[in-house]
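Report on one structure; see the data block that follows.
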Amino acid sequence: MNIFDAFKDRLVTIIHKLGEAEPRLAGLALDAVTVEAPRDSAHGDLATNAALVLTKQAGMKPRDIAALLVTALDALPEVAAAEIAGPGFINLRLTDAFWHEQLGAILRAGGEYGRSHVGAGSKVNIEYVSANPTGPMHVGHTRGAVFGDSLANLMAYAGFEVCREYYINDAGAQVEVLARSAYLRYREALGEAIGEIPEGLYPGEYLVPVGKALAAEHGDALCALPEAEWLPIVRDTALAAMMELIRADLAALGISHEVFYSERELHASGAIEKTLEFLDSQGLIYVGVLEPPKGKQPDDWEPRPQTLFKATEFGDDVDRALRKSDGSWTYFAPDIAYHYDKFQRGFTTMVDIFGADHGGYIKRMKAAVAALTGGEGALDIKICQLVRLMRDGELVKMSKRAGTFVTLREVVDEVGRDAVRFMMLFRKNDAPLDFDFAKVTEQSRDNPVFYVQYAHARICSVLRNAATAFPDADLGDAALAGADLSRLGTAEELALIRLLASWPEMAERAARNHEPHRIAFFCHSLASEFHALWNKGNDSPQLRFIVAEDRDVTLARLALIRAVALVIATGLRILGVEPAEEMR
RNA sequence: GGUCCCGUAGCUCAGCUGGAUAGAGCAGCGGACUUCUAAUCCGCAGGUCGUAGGUUCGAAUCCUACCGGGAUCGCCA
């Protein structure tokens, strides 16, 4: 349990106890009571708003409640001072011994420190990437891929049972285009001169091997068949090849999904019809005519009766079409069935990671989930905004037609997996992100990836040097945890322990809010405080981590920085970044 | 026109789901290297938190309206 929750528990106990003597404090709802770190550390280590939020319920003045609480809190052994501040805040200052104890606990927990059970094993389905299987992944897919994967790591760390899932859009018109494009390459492989790839087909070189494979397997047999017969064959081969390509691209980023879910399967199994029958039985499907969009009317608008889902009953702006004019399903229909299937597989919490262009899809999908699950299922949709690639301060222009789009693989090959992953997460998901090739490979503090990696490597380096300076000393985590940590007494050292102690709560919040970027920022601030402390030793040699003539203080300081390294490493692993032990 | 996202220092962004005097980095200026890899650090300076209301003990944070930027808007996926 994190220290804030632990102290809230203590506080709740105290309030219940006080209620025995003071009836106005008995039986109060304590949900709004918080214990947190004050923004300004001059105010103390912990602050609670208890007196402020209880004043109305209790019918007492905030400062009167606070006075009672302070007396009781002050009696706790960990509390060095408790005082009333401002309108009725209670600030607590904890003893140095308490913080030393926390540090020992961090080292004993090691890589498990901060892992929590707030998820309580509840099942979460995280769907991310889901790029169309029509070619290699391009850089635009990268952010969502990294975000989803890190979120999955984060939620698993917080005690959720996570399933990483990829929805294969293998049923739309685009896969037929893929099949025709591959067929052309097949004819090319048989020796035919195909010339320019016609407009509307995929021109990419990546289909050349698919054509060759088809030729090797089928010879020229497919040439004699009508399209209706060769298309399914070519399509399936091409699809398999494209998914292979995509898996390899994802592997380059260290990403692998547990489930690849085929849209085609939904069509084949009758799941769509079954799901829509269910909605129909709820009276949520009807045939109607939609209003044209106000203000901006499409040129070819004509009123037309359609099969519609009553999305408006669940907060959407308009009801949504389920069938195209030719009678086939829209994209929405199988997606409804897909989410229903997730729910039936036991996922009451679902997270979808979408690109910026799918913002308009959120309400209808949430509406569908609400309708399908009777409000039992929760769907959160995270939108990852665009990534702007920068090179030499210039925007890298990409065009599919000109064939100048940058692939995910090119970016990873150029700057490395760790840099890509960290940079993609060093921004809130709903803010656009500039990705500068020069910056992410730079070895300077401008580059946050490097900055954090360097802090970790520097700690490893100090520990290596310490092993030389004290060859007989046991520098293992267990031994360091048992060092005389009371030798850590400077304001900076204690501040660093406090920061480390805030990690579990921070990670829990990040997981609950589905915000892995907070982990990246936390790692950065931890690195920053560490670098600052390191430099204290430049000004005053007695403040160095390794003090040759003082073994005890050295061991205590090594314990501190080792804990910093542990937490940075834990954070980086959640982000999918390898903590470096050495910089070269 | 509808909907969603964004608007915080000259620039790029955090701000822990309502707390106390709003924080970093870059850029600018001034400092610290016979080191534990200075690949770093310290100091100075810099903000009407887009605007106006509202909610309350308390608002960058929640609500409403407007302004500005972006995304999207019946059959694409």
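No hydrogens, no waters, no symmetry mates; every other heavy atom, side chains included, goes into these values.
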Choose from [options] the nucleotide whose nearest atom is closest to any side-chain atom of [X].
X	options	value
A:N132	B:rC42, B:rU37, B:rA77	B:rA77
A:A173	B:rU37, B:rA77, B:rC13	B:rA77
A:W301	B:rU37, B:rG74, B:rC6	B:rG74
A:S325	B:rC75, B:rA77, B:rC36	B:rC75
A:S461	B:rU37, B:rA20, B:rG74	B:rU37
A:N169	B:rC6, B:rG19, B:rA77	B:rA77
A:Y454	B:rC75, B:rA39, B:rC57	B:rA39
A:M583	B:rU40, B:rU37, B:rA20	B:rU37

Between [N] and [M], how many Å separate the two [atom1] atoms, rounded to a whole number?
N	M	atom1	result
B:rA27	B:rC36	C1'	31 Å
B:rA71	B:rA77	P	22 Å
B:rG70	B:rC33	C1'	47 Å
B:rU56	B:rG69	P	35 Å
B:rC49	B:rA22	P	10 Å
B:rG46	B:rG30	C1'	16 Å

Under 3.5 Å donor-acceptor pair, A:N535 side-chain atoms to B:rA32 base atoms: no
hbond_proxy A:H358 side chain to B:rA77 base (donor-acceptor, 3.5 Å cutoff):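 Yes, a donor-acceptor pair under 3.5 Å.
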A:Y166/A:Y128 aromatic ring centres below 6.0 Å: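 Ring centroids of A:Y166 and A:Y128 are no less than 6.0 Å from each other.
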Output field: ring centroids A:H524/A:F426 closer than 6.0 Å: yes
[N] phosphate, OP1 or OP2: any side-chain N/O from [X] under 4.0 angstrom?
X	N	value
A:H517	B:rG15	yes
A:K439	B:rC26	no
A:K324	B:rA77	yes
A:R544	B:rC36	yes
A:N447	B:rC26	no

Given that both distances must come in under 3.5 Å, which nucleotide forms a Watson-Crick or G-U wobble pair with [N]?
N	value
B:rC49	none
B:rC36	none
B:rU21	none
B:rA9	none
B:rG30	B:rC42
B:rC4	B:rG70

So that I can tick it off, tell me whether [Y] and [X] are bridged by a salt bridge, with the cut-off set at under 4.0 angstrom between side-chain N and carboxylate O.
X	Y	result
A:K439	A:D434	no
A:D319	A:K310	no
A:R557	A:E493	yes

Worked verdict on A:R143 versus A:F435 for side chain to side chain contact (heavy atoms under 4.5 Å, CB included): CA-CA 10 Å; A:R143 190 175 186 183; A:F435 186 93; over 6 Å; no
Expressed as a whole number of angstroms, how long is the span from [X]:[atom1] to [N]:[atom2]?
X	N	atom1	atom2	answer
A:I362	B:rA77	CD1	P	20 Å
A:E529	B:rA24	CD	C1'	12 Å
A:R427	B:rG25	CZ	P	15 Å
A:K363	B:rC73	NZ	C1'	12 Å
A:D326	B:rC75	CG	C1'	7 Å
A:R320	B:rC75	CZ	P	8 Å
A:K428	B:rU8	NZ	C1'	10 Å
A:D539	B:rU40	CG	C1'	12 Å

What's [X] touching, base or sugar-phosphate or nothing? Going by heavy atoms closer than 4.0 Å.
X	value
A:E302	base
A:Q443	base
A:F522	nothing
A:P62	nothing
A:G172	sugar-phosphate
A:A47	base
A:D335	nothing
A:M506	nothing
A:A85	base
A:R323	nothing
A:S444	sugar-phosphate
A:T330	sugar-phosphate

5′-ward residue of the pair A:D317/A:V289 relative to RNA chain B: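 Nearest nucleotide further toward 5': that of A:D317.
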Position toward the 5' end of RNA chain B (nearest nucleotide), A:Y331 or A:R458: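 First, find each residue's nearest nucleotide; the 5'-ward one identifies A:R458.
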Taking the side chain as every heavy atom from C-beta outward, state whether [X] and [Y] have any pair of such atoms under 4.5 Å apart.
X	Y	value
A:M583	A:F450	yes
A:E127	A:Y338	yes
A:L308	A:L322	no

Chi angles and distances behind the side chain to side chain donor-acceptor pair (under 3.5 Å) call for A:Y167, A:D352: CA-CA 10 Å; A:Y167 182 51; A:D352 290 357; over 6 Å; no
Aromatic stack [X]/[N]: centroid gap under 5.5 Å, interplanar angle under 30°:
X	N	value
A:H524	B:rA24	no
A:F450	B:rA39	yes
A:F89	B:rG19	no

